[in-house]
Amino acid sequence: QEALVESGGGLVQPGGSLRLSCVAPEEIFSRNVMAWYRQAPGKQRELVAQISSLGTTYYSESVTGRFTISRDSAKNTLSLQMSELRPEDTAVYYCHGNRGIQEFWGRGTQVTVSS
């Protein structure tokens with residue numbers, strides 16, 4: 001139902017940075033864990049980073065130290081600051097959240113890391 005909307009993807013050179021954003025309804029954003037996933041061509045979707053409503057974060061091993069997830073409760077916005085980007089970070093990045101037991105996904109935003 002496209003409750004989540006991602007933006008900020010694009011083409012970036014290796015070693016560069018991008019910031020992704022996701023806006024969500026308050027009832028999805030405010031009370032539960034939100035996360036960024038990604039899916040590269042020919043591969044299954046994987047969890048990149050997640051953040052609880054209290055700010056507790058988790059990162060996959062491959063992005064630890066390079067990516068930072070954050071949430072702005074005043075704007076109902078989830079962000080992913082990506083630095084030191086590598087070609088293997090190329091993927092469609094998806095925002096994920098919950099409303100009770102229901103799961104919601106954004107449409108995705110393409111990130112391409114290439115020289």
Side-chain angles (χ1 to χ4, degrees):
Q1 61 184 54
E2 302 183 34
L4 312 179
V5 181
E6 304 97 337
S7 63
L11 175 64
V12 64
Q13 296 183 18
S17 299
L18 281 176
R19 185 177 180 89
L20 307 183
S21 296
C22 167
V23 294
E26 181 180 348
E27 60 267 28
I28 296 176
F29 186 88
S30 63
R31 294 181 179 271
N32 218 323
V33 173
M34 295 198 70
W36 289 98
Y37 288 75
R38 68 186 181 189
Q39 188 165 23
K43 298 187 177 181
Q44 64 181 308
R45 191 171 298 185
E46 65 172 338
L47 176 65
V48 176
Q50 62 184 15
I51 184 168
S52 75
S53 61
L54 298 178
T56 302
T57 58
Y58 172 84
Y59 299 92
S60 70
E61 185 276 336
S62 65
V63 310
T64 296
R66 301 188 297 120
F67 291 11
T68 301
I69 189 172
S70 61
R71 58 196 299 162
D72 184 341
S73 59
K75 298 181 178 180
N76 293 334
T77 300
L78 180 73
S79 296
L80 185 68
Q81 178 65 49
M82 305 184 294
S83 300
E84 303 174 43
L85 284 162
R86 307 165 180 168
E88 52 263 43
D89 295 319
T90 295
V92 177
Y93 284 71
Y94 297 91
C95 181
H96 177 269
N98 300 291
R99 184 177 62 203
I101 198 172
Q102 298 174 263
E103 296 188 56
F104 295 87
W105 295 92
R107 305 306 306 179
T109 185
Q110 176 72 48
V111 172
T112 302
V113 184
S114 176
S115 60

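All heavy atoms count here, side chains included; hydrogens, waters and symmetry mates do not.
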Does Arg99 make a cation-pi contact with Phe104 (under 6.0 Å, within 45 degrees of the axis)?
no

In Å, rounded to the nearest 0.5 Å, how long is the span from CZ of Phe67 to OG of Ser79?
13.5 Å

Do you know which two heavy atoms are closest between Pro14 and Ser115, and how far apart they sit?
CD-N, 3.6 Å

Can you name the nearest heavy-atom pair linking Gly97 to Leu4, along with the distance?
N-CD1, 3.6 Å

Rounded to the nearest 0.5 Å, what separates atom CG in Asn32 from atom CD1 in Ile101?
11.0 Å

Nearest 0.5 Å, what's the CD-CD1 distance between Gln102 and Ile28?
8.0 Å

For residues 8-92, which residue pairs qualify under disulfide (SG to SG under 2.5 Å), counting only residues two or more places apart or in two chains?
Cys22-Cys95

According to the side-chain hydrogen bond (donor to acceptor under 3.5 Å, both in side chains) rule, which pairs have a member within residues 89-98, sequence neighbours left out?
Arg38-Asp89, Arg38-Tyr93, Arg66-Asp89, His96-Glu103

Show your working on side-chain contact (heavy atoms from CB on, under 4.5 Å) between Arg45 and Trp105 and close with a plain yes or no.
CA-CA 12 Å; Arg45 191 171 298 185; Trp105 295 92; 3.2 Å; yes

Are the side chain of Arg31 and the backbone N or O of Gly100 linked by a donor-acceptor pair below 3.5 Å?
no

Output for pair (Ser70 OG, Met34 CE), nearest 0.5 Å, gives 11.5 Å

Taking atom CD as the centre, does Glu46 end up with more than 12 heavy-atom neighbours from other residues, nucleotides or ligands that are less than 6.0 angstrom away?
yes

Taking all atoms of both residues into account, what is the closest heavy-atom pair of Leu47 and Ser60, and its distance?
O-CB, 3.5 Å

Quick check: does any side chain N or O of Glu6 sit under 3.5 Å from a backbone N or O of Arg107, one acting as donor and the other as acceptor?
yes

Quick one: closest heavy-atom pair of Trp36 and Ile69, and the distance?
CD1-CD1, 3.6 Å

Given side chains that start at C-beta, do those of Ser30 and Ser73 come closer than 4.5 Å, heavy atoms only?
no

For a side-chain contact (heavy atoms from CB on, under 4.5 Å) check, start with the C-alpha distance between Ser114 and Leu11, then their side-chain angles and the critical distance, and finish with the verdict.
CA-CA 7 Å; Ser114 176; Leu11 175 64; 4.2 Å; yes

Gln44, CD atom: more than 12 neighbouring heavy atoms under 6.0 Å
no

Over 12 foreign heavy atoms within 6.0 Å of CZ, Arg19
yes

What I'd like to find out is whether the side chain of Asn76 reaches to under 4.5 Å of the side chain of Val23, using heavy atoms alone.
no

What distance separates Leu80 CG from Tyr59 OH, expressed to the nearest 0.5 Å?
7.5 Å

CG (Leu20) and CD (Gln81) are apart, to the nearest 0.5 Å, by 8.5 Å

